[in-house]
**Student:** 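Structure incoming, see below.
Keep in mind that the numbers below use all heavy atoms, side chains included, and drop hydrogens, waters and symmetry copies. Below, read A as the first sequence line, B as the second, and so on, with proteins coming before strands; counting in each chain starts at 1.
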Amino acid sequence: MIEQILKNKIALALQQLYQIEISDANVVIEKTTSDFEGDFTFVVFSYLKQTKKGPEQTAQQLGEFLLAQVDEVASFNVIKGFLNLVVAQQYWLNFINQHHHQPNFGFVTKPTGQKILVEYSSPNTNKPLHLGHIRNNLLGYAVAQILSANGHQVSTCNLVNDRGIHICKSMLAWMQHGNGETPETNNLKGDHLVGKYYVLFDKQFKAEQKQLIEEGLTPEQAEKQAPSIIAAQELLRKWEANDTETVNVWKTMNGWVYQGFDASYKMLGITFDKYYYESNTYLLGKEIVEEGLAKGVFFKKPDGGVWIDLTEDGLDQKLVLRADGTSVYITQDLGTADLKYADFDCNKSIYVVGNEQDYHFKVLQLILKKLGRPYADGVYHLSYGMVELPEGKMKSREGTVVDADDLMAAMIEQAEETTIELGKTEGLPADDLNDLYNMVGLGALKYFMLKVDPKKKMLFNPKESIDFQGNTGPFIQYTHARIKSVLRNASAANLSLQFDATEVNLSKVEKELIITLHDFPSQLADAGNQYSPGVLCNYVYDLAKVYSHFYHEHSVLKETNTHQQALRLQLCTLTAEIIRSSFQLLGIKVPERM
RNA sequence: GGCCCUAUAGCUCAGCUGGAUAGAGCACCGGUUUUCUAAACCGUAGGUCUCAGGUUCGAGUCCUGAUGGGGCUACCA
């Protein structure tokens, strides 16, 4: 790529002209702002002390050096300390000619040797997935795909939180009020059925608390003494004692939930290489506590609880094992971290988990480091912000959640309405239309969630639904469909894809399009390095916009210069391919027509 | 109390390791269809980048402090 050549030669120039020693990796060049002539810009200000010359003079000398030494540099101009370099048209034409028909252009095919495990989704099995889970799932899936496209060996896993007091709450309510109701008898999706009883428990629990408070108890007392919660805790004890009936109910209800989750995951288009279940892992980590005590990393308090003192690292003291010998969250996570490392031998382990657990993961990584785990440095918490509604935070127990299944269905329905409204249904069979509604509705949803910087909280307004115009998934899908249409027509007319470089002229927008296409590999790398699908979203949107501009300025099929036409066809081909492959990484499908 | 995140146009968001006149979309107003798909394109308008200092050739970006919003931290996961 040209950037590398330029950096290399700039480093050489600095060394030969001014005896400045700098590695080409540290040379920074950027794309020239559109208001100025040139393709790449090198800013000389920071080198002036060493060159002992003025900015214009320094830039001028560097420009002359590059012009003489680098074939690809056609000309240059200097404005203050900015050296603008113009790359020869031949370079751009060669680039498009070489890569226009390369599938998965920009993907790293040579393995980096890095093994990465991405844990995401990690749902509780007491209620259906909601909007927040959608963000998690899409992020985890997309990040795994992007890392894979960057040449890493990526695996994914889902740590299912299938035990604990919250599950017992749903179980209890079902045992009390379910009358044997099942997903089949009621034709209700399994996870929704279980969620219904979770809400029912909470209602009952709240009512009991209210009554106890009226009877003179404090709110704290009422919360602890309500019959429901006592019964749920009893159920948890029975579960831990492996009581047959309890375990059977637990298995049955979790089974319903898994069926429901599978359907939702399928709809979302996400998969996992491995499932971990907390019921199998929740006892892990106790040996590590022993190990830590022996190593002096942990210490025991008089009551028997085991702690770690992280005050020197700017954190607090943290409990790692209760006085009664039972685990806390971090105990299990230590054990699970070891387990994952044993299973996958990964040098990078990514946890896609909400930002309310920032502190927890800081602690986890710190403990792993202090224990001398070889994989500790590779632990990375991909923290994402909450999805908020206009009314504020979602509360699953209060029913103010946006359900994942409902939302997806609503998006697809919206896509259908809009498609019909625009009269785009002509000539397509019903099956294809249904596929299209799915692609567009889910594409809108996915793009909407992925384009936002993960660490920022985001606002989702279900009433306004999601736009299909502007910076959206459907706009980009539409761009793809239009290109495909052009390519279909071109193929029907047997148009040539070969051009002679001496017979073509690059217009401004054609060149802009080539430069944007050329930039894809580095954007993909950025998205990988930053674990941010948003980088890719913004890039593809930018590409689609540049293409649209090109589309409106030039016609392809009616171009009479066959060389120029071939060039344009190549531009179309590569644009469509990059849109397709990028969207694939984001988990979004692209239609051939829409 | 301590720690973390965040603040950019009326709204939702970009702005990469500091670079030239801070960008999109939506909404608003105006224009474009004998031209390969108008879910499109073009144009107008909209900004003290929360505030105050500092670092330097140069700050939306880095540092310090203040304020607003969110989160975590007191044996839940």
**Student:** When you check the side-chain N and O atoms of A:T41 and A:N84, is any donor under 3.5 Å from an acceptor?
**Tutor:**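 Result is yes, a qualifying pair exists.
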**Student:** At less than 3.5 Å, do the side-chain atoms of A:D303 and the base atoms of B:C75 form a donor-acceptor pair?
**Tutor:**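 Result: at least one qualifying N/O pair found.
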**Student:** Excluding sequence neighbours, so at least two apart, what forms ring-ring contact (aromatic ring centres under 6.0 Å, His included) with A:Y275?
**Tutor:**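 Per chain and number, A:Y275 pairs via ring-ring contact (aromatic ring centres under 6.0 Å, His included) with A:F272.
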**Student:** Any chance you could list the contact pattern along nucleotides 30-35 of chain B? Use B for base contacts, S for sugar-phosphate-only contacts and - for none, protein heavy atoms under 4.0 Å, 5' to 3'.
**Tutor:** -----S
**Student:** For B:G23 versus B:C16, give the span between their P atoms, rounded off to a whole number of Å.
**Tutor:**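 14 Å, rounded to whole Å.
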**Student:** Which of these, A:I588, A:T479, A:V535, A:I476, sits in a side-chain contact (heavy atoms from CB on, under 4.5 Å) with A:V540?
**Tutor:**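 Of the listed options, the one satisfying the test is A:I476.
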**Student:** Grab the CZ-P distance between A:F550 and B:A40 for me, whole Å please.
**Tutor:**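 In whole Å, B:A40 P lies 19 Å from A:F550 CZ.
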**Student:** Can you tell me which residue among A:K455, A:K451, A:K457 is in a salt bridge (charged side-chain N to carboxylate O under 4.0 Å, His left out) with A:D453?
**Tutor:**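 Going through the options one by one, the only one that passes is A:K455.
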**Student:** Where do A:Y276 and A:K340 come nearest, in terms of heavy atoms and distance?
**Tutor:**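 What the structure gives for the nearest pair is OH-CA, 3.8 Å.
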**Student:** Tell which nucleotide pairs with B:G18, taking only Watson-Crick or G-U wobble pairs whose two distances are both under 3.5 angstrom.
**Tutor:**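 Base partner found: none.
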**Student:** Report yes if the side chains of A:V401 and A:L131 come closer than 4.5 Å at any heavy-atom pair, otherwise no.
**Tutor:**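 Of all side-chain heavy-atom pairs linking A:L131 with A:V401, none is under 4.5 Å.
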**Student:** Does A:R482 put a side-chain nitrogen or oxygen below 4.0 Å from OP1 or OP2 of B:A38?
**Tutor:**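 Checking A:R482 against B:A38: at least one side-chain N or O falls below 4.0 Å of OP1 or OP2.
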**Student:** If pairing requires Watson-Crick or G-U wobble contacts with both distances under 3.5 Å, which nucleotide is the partner of B:U61?
**Tutor:**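 Here B:U61 is not engaged in any pair, so there is no nucleotide opposite it.
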**Student:** What is the nucleic acid contact for A:F468, judged by heavy atoms within less than 4.0 Å: base, sugar-phosphate only, or nothing?
**Tutor:**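 If one applies the 4.0 Å heavy-atom cut-off, A:F468 turns out to touch a base.
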**Student:** Could you tell me the separation between the CG atom of A:L557 and the C1' atom of B:U37, rounded to a whole number of Å?
**Tutor:**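 Between C1' of B:U37 and CG of A:L557: 12 Å.
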**Student:** Whole-Å distance between B:U73 C1' and A:D313 CG?
**Tutor:**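 Distance, rounded to whole Å: 16 Å.
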**Student:** Both conditions, 6.0 Å and 45 degrees, for the charged tip of A:K424 above the ring of A:Y478: are they met here?
**Tutor:**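 Relative to the ring axis of A:Y478, which defines the angle, A:K424 lies outside at least one limit.
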**Student:** Could you pull out the closest heavy-atom pair between A:K169 and A:A232, with the gap in Å?
**Tutor:**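 Between these two residues, the closest heavy atoms are CG-CB, 4.4 Å.
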**Student:** The test is side chain to side chain donor-acceptor pair (under 3.5 Å); show your working for A:N126 and A:S170 and say whether it passes.
**Tutor:** CA-CA 6 Å; A:N126 62 329; A:S170 299; 4.8 Å; no
**Student:** From CG of A:N471 over to P of B:G23, roughly how many Å is that when rounded to an integer?
**Tutor:**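 Rounded to the whole Å, the gap is 17 Å.
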**Student:** Need one value for A:H360: base, sugar-phosphate or nothing, where a base atom within 4.0 Å counts as base even if backbone is also close, heavy atoms only.
**Tutor:**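 Touches nothing.
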**Student:** Would you measure the distance from the C1' atom in B:C63 across to the matching atom in B:G25 and give it in whole Å?
**Tutor:**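 Result for the C1' pair: 34 Å, nearest Å.
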**Student:** Using the C1' atom on both, measure B:C51 against B:A45 and round to a whole Å.
**Tutor:**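 Per the computed distance, 28 Å lies between those C1' atoms.
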**Student:** Within 45° of the ring axis of A:Y551 and under 6.0 Å from its six-membered ring centre, is that where the NZ or CZ of A:R482 lies?
**Tutor:**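 The answer is yes, since A:R482 meets both limits relative to A:Y551.
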**Student:** Anything under 30° is parallel, anything over 60° is perpendicular, the rest tilted; go ahead and classify A:H360 against A:Y329.
**Tutor:**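 Ring orientation, 0 to 90° scale: parallel.
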**Student:** Figure out the CG/C1' separation between A:L436 and B:U37, and round it to whole Å.
**Tutor:**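 It is 13 Å, rounded to the nearest whole Å.
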**Student:** For B:C76, take OP1 and OP2 only and decide whether either is under 4.0 Å from a side-chain N or O of A:R163.
**Tutor:**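 So the side chain of A:R163 is outside the cut-off, no N or O lying under 4.0 Å from OP1 or OP2 of B:C76.
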**Student:** Can you find a side-chain donor-acceptor pair between A:T33 and A:D35 that sits under 3.5 Å?
**Tutor:**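 No - no donor-acceptor pair under 3.5 Å links their side chains.
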**Student:** Name the pairing partner of B:C41, where a pair is Watson-Crick or G-U wobble with both distances under 3.5 Å, or state none.
**Tutor:**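 Across any shown strand, B:C41 pairs with B:G31.
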**Student:** Please measure how far the P atom in B:A59 lies from the corresponding atom in B:U21, and state the result in whole Å.
**Tutor:**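 It works out to 11 Å between them.
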**Student:** Can you pull out the residues from residues 540-548 of chain A that lie within a 4.0 Å heavy-atom distance of RNA chain B?
**Tutor:**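 Going residue by residue through residues 540-548 of chain A, the ones with a heavy atom under 4.0 Å of RNA chain B turn out to be A:Y541, A:K545, A:S548.
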**Student:** For A:F76 versus A:Q60, what's the shortest heavy-atom pair and its separation?
**Tutor:**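 Here A:F76 and A:Q60 meet closest at CZ-NE2, 3.6 Å.
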**Student:** Using a heavy-atom cut-off of under 4.0 Å over every strand shown, decide if A:A481 touches base, sugar-phosphate, or nothing.
**Tutor:**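 Answer is base: heavy atoms of A:A481 come under 4.0 Å of a base.
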**Student:** Under 4.0 Å, heavy atoms only, any strand: does A:V556 hit a base, just the sugar-phosphate, or nothing?
**Tutor:**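 Touches a base.
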**Student:** Check the distance between B:C36's C1' and A:H480's NE2 and give it to me in whole angstrom.
**Tutor:**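 After rounding, the reported distance stands at 16 Å.
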**Student:** Quick one: what's the B/S/- string for nucleotides 2-12 of chain B, heavy-atom cutoff under 4.0 Å, read 5' to 3'?
**Tutor:** --SSSS----S
**Student:** Both distances under 3.5 Å, Watson-Crick or G-U wobble: report the partner of B:U67, or none.
**Tutor:**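 B:U67 is paired, partner B:A7.
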**Student:** Give me the distance, rounded to whole Å, that separates B:G2 from B:G19 when you measure between the P atoms they each carry.
**Tutor:**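 To the nearest whole Å, 34 Å.
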**Student:** I'd like the C1' distance from B:U55 over to B:U44, given in whole Å.
**Tutor:**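 Per the computed distance, 40 Å lies between those C1' atoms.
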**Student:** Can you tell me if A:R593 touches the phosphate of B:C36, counting only side-chain N or O atoms and a distance under 4.0 Å to OP1 or OP2?
**Tutor:**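 Indeed not, no polar side-chain atom of A:R593 lies that close.
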**Student:** My understanding is that a pair needs two contacts under 3.5 Å, Watson-Crick or G-U wobble. By that rule, which nucleotide pairs with B:U56?
**Tutor:**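 B:U56 is unpaired by these criteria.
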**Student:** Over 60° means perpendicular and under 30° means parallel, so classify the ring planes of A:W239 and A:Y282, tilted if in between.
**Tutor:**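 Ring orientation of A:Y282 relative to A:W239: tilted.
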**Student:** For B:G46 and B:C28, measure between their C1' atoms and round to the nearest Å.
**Tutor:**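 The answer is 10 Å between these two C1' atoms.
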**Student:** Tabulate protein N/O versus nucleotide N/O from nucleotides 16-20 of chain B, keeping only pairs under 3.5 Å, one per line.
**Tutor:**
| from | atom 1 | to | atom 2 | distance (Å) |
| --- | --- | --- | --- | --- |
| B:A20 | N6 | A:T41 | OG1 | 2.8 |
| B:A20 | N6 | A:N84 | OD1 | 2.8 |
| B:A20 | N1 | A:N84 | OD1 | 3.4 |
| B:A20 | N1 | A:N84 | ND2 | 3.4 |

**Student:** Just checking A:T419: base, sugar-phosphate only, or nothing, at a heavy-atom cut-off of under 4.0 Å?
**Tutor:**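 If one applies the 4.0 Å heavy-atom cut-off, A:T419 turns out to touch a base.
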**Student:** For A:I10 and A:V27, work out which heavy atoms get closest and say how close.
**Tutor:**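 Taking A:I10 first and A:V27 second, the nearest heavy atoms are CG2-CG1, 3.8 Å.
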**Student:** For A:Q523 and B:G15, give me the distance from atom CD to atom P, rounded to whole Å.
**Tutor:**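 Value for this atom pair: 11 Å.
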**Student:** To the nearest Å, how far apart are A:F460 CZ and B:C13 P?
**Tutor:**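 Value for this atom pair: 12 Å.
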**Student:** Which whole number of Å gives the distance between the P atom of B:C5 and that of B:U17?
**Tutor:**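 One P to the other, the span is 15 Å.
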**Student:** Which donor-acceptor pairs under 3.5 Å do side chains of residues 43-55 of chain A form with protein atoms, sequence neighbours excluded?
**Tutor:**
| from | atom 1 | to | atom 2 | distance (Å) |
| --- | --- | --- | --- | --- |
| A:T51 | OG1 | A:L48 | O | 3.3 |
| A:T51 | OG1 | A:K53 | N | 3.4 |
| A:T51 | OG1 | A:T58 | OG1 | 3.2 |

**Student:** Considering non-hydrogen atoms only, spot the tightest contact between A:S327 and A:Q332 and give its length.
**Tutor:**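 Reported closest heavy-atom pair: CB-CG, 4.3 Å.
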**Student:** Both distances under 3.5 Å, Watson-Crick or G-U wobble: report the partner of B:C72, or none.
**Tutor:**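 Because both required distances fall under 3.5 Å, B:C72 counts as paired with B:G2.
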**Student:** Between A:E553 and A:E278, which residue's closest nucleotide on RNA chain B lies nearer the 5′ terminus?
**Tutor:**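 That would be A:E553.
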